[in-house]
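Step one of this worksheet: look at the structure below.
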Amino acid sequence: MAAVPFPAGSAVNLAPEASPAASISLVVPSCSRNLRSPRHFLGRGSLLHSYRERRPAAFRSNAARAEVSVRSQQPLDVTPRPTVLVAEKLGEAGLDLLRKVANVDCSYNLSPEELLAKISLCDAVIVRSATKVTKEVFEAANGRLKVVGRAGVGIDNVNLQAATEKGCLVVNAPTANTVAAAEHAIALLAALARNVAQANASVKSGKWQRSKYTGVSLVDKTIAVMGFGKVGSEVARRAKGLGMHVIAHDPYAPADRARAIGVELVGFDEALARADYISLHMPLTDDTRGIFNDETFAKVKKGVRIINVARGGVIDDAALIKALDNGTVAQAALDVFEQEPPAKDNKVVQHENVIVTPHLGASTVEAQEGVAVEIAEAVVGALRGELSATAVNAPMVSSKVLTELAPYVSLAEKLGKLAVQLVAGGGGVKDVTISYTSARSPDDLDTRLLRAMIVKGLVEPVSNAFINLVNADYVAKHRGIRISEERHPAEGGSTQAQPLESIAVKISNVESKFSSAVSDGGRVAVAVAGRIKDGLPHLSQVGQFSMDVSLEGSVILCKQVDQPGIIGKVGGLLGDGNVNVSFMSVGRTSPRKQAVMAIGVDEEPSKEVLHRIGAIPAVEEFVFLKL
Ligand SMILES: NC(=O)c1ccc[n+]([C@@H]2O[C@H](COP(=O)([O-])OP(=O)(O)OC[C@H]3O[C@@H](n4cnc5c(N)ncnc54)[C@H](O)[C@@H]3O)[C@@H](O)[C@H]2O)c1
Ligand SMILES: O=C(O)[C@H](O)COP(=O)(O)O
């Protein structure tokens, strides 16, 4: 240990000298720094942070409120309440949850134009299946809309691509209406087999046609469940209870789940060929749109009965009419339609062998209560910046992983910010390599969050883009930034308990503003690395110079000829300029040769102070970097 002259009260920490990793650190005690919770890294850094930035007026009014509040000594709420538009009917329990944290605007049955007009005033919108959340809606939101909550399962009415591009999180309520949908499928199955709907209408019209409405039995018949997910599995269980043979087709369903319920998983064609009843439970996607078409109906058992509680678009209507007319399909029961509500003269709806319900699958009292709470919790969590377990367009990161990665999330963003500021003409970043040094096996280290935050750090300082976990990969790709990730085993000192020893960010094929940041044996690349020390992000490497600077406030990097008195001179100039130094570290190649000094500062030095630092004869180059 050696004393280094610096303002009184500083703690001094000298790392062992070695070349080129030697570093001398000066630790200036600072006020206590509370580690923010993971949700705040995500929230302030992504969702809520942007929400605040984009609402200066709201903040001005909050500042005014604060003043009044201080004078009158009333409790102060300085956080503006987000606005949640509830565009379709939602259960009271969900609305109550929302109202605790947000201004809730229940505007049902908006026309598309009315939705476009309202959306820029909303931080979140909650819809069911009737509201189309189109690309135009995301554009009209003007960056304010941060969450779309789908109070149900199917998200085919939300333009996910547009949501992702705008960094808008889409969450759904995937579990609360499962049983209701399965029960409705079974209700339609039984009604179809026993002509309940037609017979009911007939009796009410004064007729008594017993032989006309003779039905067919369910017991011992084969039902093919197409889409063996949540609803499909519940339908399968219930169909087995009715004494049916249940087969299922789902290219992605695990065989053990099917085995556990006693269901045989089969290929698409085999399901068609064997089924007396076909019940549809797959989502509407590009792959499933019109999957029941002329070709498909040519493969079914003649006289098959079809139940669709999934999505109308899965069946090609024209093909279904033909199949009904020629007896290939004996009957169909439909809860869902390509266009909802269907036109009055819709031929499928009007067909005598078709029974219909107006998209009632999820419409039970119990399901709607559950869905309302499920979606309200997801939207409130997302507005707080928490990652939702039901996120549709963002990686799901468990809360355990989130908690342990929290400090690294902040480090990652700061390293991205530092690296891009070292690039001369900041916009030309194309090749980025992220290196994670960890004692853990790659399977135990989820780096998606860190990669997203590095992209955020890289792109936001040099653009007006808003980046979060939802759109980081899209933005990087869109800007032609190639991100490669490397993992290196930790060399020592770090344990499995610690997720990472260090993170390094290297930008290749760029010119550096600060030549000492160049690494890669002289090839053009700027590189910085950092680690977590005492729970806080620290800069540990710039180019080939090792150092140890707490990454708070801003950083001055200064390359000089290593000689006595430089640290004092720079510190003195900063002190004269009323700039508080939080941390200082010197890394050098060998004594009295070149050194890179990193100085953490709480305030931004004036141009005059920076100029005077640059004018110190031993200083060869320096750069001021904002964090
Ligand atoms: N009518 C209603 O009110 C109502 C209510 C709830 C759900 N739904 C709809 O039912 C569908 C299923 O809901 P869920 O909660 O079971 O969803 P889920 O995601 O749990 O299940 C869907 C299953 O379909 C499978 N699948 C995907 N592509 C397939 C294909 N090409 N062939 C066969 N299977 C395929 C998936 O692997 C998955 O297992 C969704 O479209 C949903 O919108 C409708
Ligand atoms: O996908 C769903 O959850 C169902 O189709 C229910 O839709 P709904 O919320 O409009 O009833």
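Computed from a prediction, not measured in an experiment: that's the story for all the values here. Every number for a ligand or one of its atoms is a count from 1 in the order of the listing.
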* Checking salt bridge (Lys or Arg N to Asp or Glu O under 4.0 Å) for the pair Asp317/Lys347: CA distance, chi angles, key distance, verdict? -> CA-CA 8 Å; Asp317 279 358; Lys347 286 193 176 138; over 6 Å; no
* Do any nitrogen or oxygen atoms of Glu88 lie less than 3.5 angstrom from nitrogen or oxygen atoms of ligand 2? -> no
* Please list, chain by chain and in numerical order, all residues satisfying salt bridge (Lys or Arg N to Asp or Glu O under 4.0 Å) with Asp276, sequence neighbours excluded. => Lys301
* Hey, are Lys118 and Glu114 close enough for a salt bridge, meaning a charged N less than 4.0 Å from a carboxylate O? -> no
* Distance filter under 4.0 Å to Gly152 heavy atoms, resulting ligand 2 atoms -> 3 (O)
* To do: For atom 2 (C) of ligand 2, grab the closest protein heavy atom and report residue, atom and distance to one decimal in Å.
  => Arg150 NH2, 3.1 Å
* Counting both backbone and side chain atoms, is some N or O of His359 under 3.5 Å from an N or O of ligand 2? -> yes
* Asked: Does Ser129 reach ligand 2 with a nitrogen or oxygen that is under 3.5 Å from one of the ligand's nitrogen or oxygen atoms?
  -> yes
* To do: Classify the side-chain pair Thr357/Asp335 by whether it contains a donor and acceptor separated by less than 3.5 Å.
  => yes
* Return yes when atom NZ of Lys302 has more than 12 non-hydrogen atoms of other residues, nucleotides or ligands closer than 6.0 Å, and no otherwise. => yes
* **Residues Glu377 and Lys100 bridged, charged N to O under 4.0 Å** => no
* By number and element, which atoms of ligand 2 are closer than 4.0 Å to a non-hydrogen atom of Gly154? -> 1 (O), 2 (C), 3 (O)
* Does the distance from a Lys or Arg side-chain N to an Asp or Glu carboxylate O, for Arg448 and Glu485, drop under 4.0 Å? -> no
Which atom pairs, donor and acceptor, lie under 3.5 Å between side-chain atoms of residues 88-96 and protein residues at least two apart or in another chain?
| unit_1 | atom_1 | unit_2 | atom_2 | d |
| --- | --- | --- | --- | --- |
| Glu88 | OE1 | Ala130 | N | 3.3 |
| Glu88 | OE2 | Arg128 | N | 2.8 |
| Glu88 | OE2 | Ala130 | N | 3.2 |
| Glu88 | OE2 | Thr131 | N | 2.9 |
| Glu88 | OE2 | Thr131 | OG1 | 2.7 |

* Structure fact -> Atoms of ligand 2 under 4.0 Å from any heavy atom of Arg128, numbered from 1 in the order shown, are 8 (P), 9 (O), 10 (O), 11 (O)
* Sub-3.5 Å N/O-N/O distance, Ala362 and ligand 2 -> no
* Measure the acute angle between the ring planes of Phe297 and Phe292, then classify it against the limits of 30° and 60° as parallel, tilted or perpendicular. => tilted
* Asked: Quick one: does Ala151 get a heavy atom under 4.0 Å from ligand 2?
  -> yes
* **Subset of ligand 2 atoms that lie under 4.0 Å from at least one heavy atom of Arg311** => 1 (O), 2 (C), 4 (C), 5 (O)
* Heavy-atom contacts under 4.0 Å between Asn177 and ligand 2: side chain, backbone, both, or neither? -> side chain
* Who are the residue neighbours of ligand 1 when the rule is a heavy atom under 4.0 Å from any of its atoms? -> Val153, Gly154, Asn177, Ala181, Gly227, Phe228, Gly229, Lys230, Val231, His249, Asp250, Pro251, Tyr252, His281, Met282, Pro283, Thr288, Val309, Ala310, Arg311, Asp335, Val336, His359, Gly361, Ala362
* What protein heavy atom is closest to atom 3 (O) of ligand 2, reported as residue, atom name and distance in Å? -> Val153 N, 2.6 Å
* Between Glu234 and Lys230, is the closest basic N to carboxylate O distance under 4.0 Å? -> no
* Kindly state each residue pair satisfying salt bridge (charged side-chain N to carboxylate O under 4.0 Å, His left out) with at least one member in residues 193-209, sequence neighbours excluded. => none
* Asked: Is there a donor-acceptor contact under 3.5 Å from the side chain of Arg274 to the main chain of Val300?
  -> no
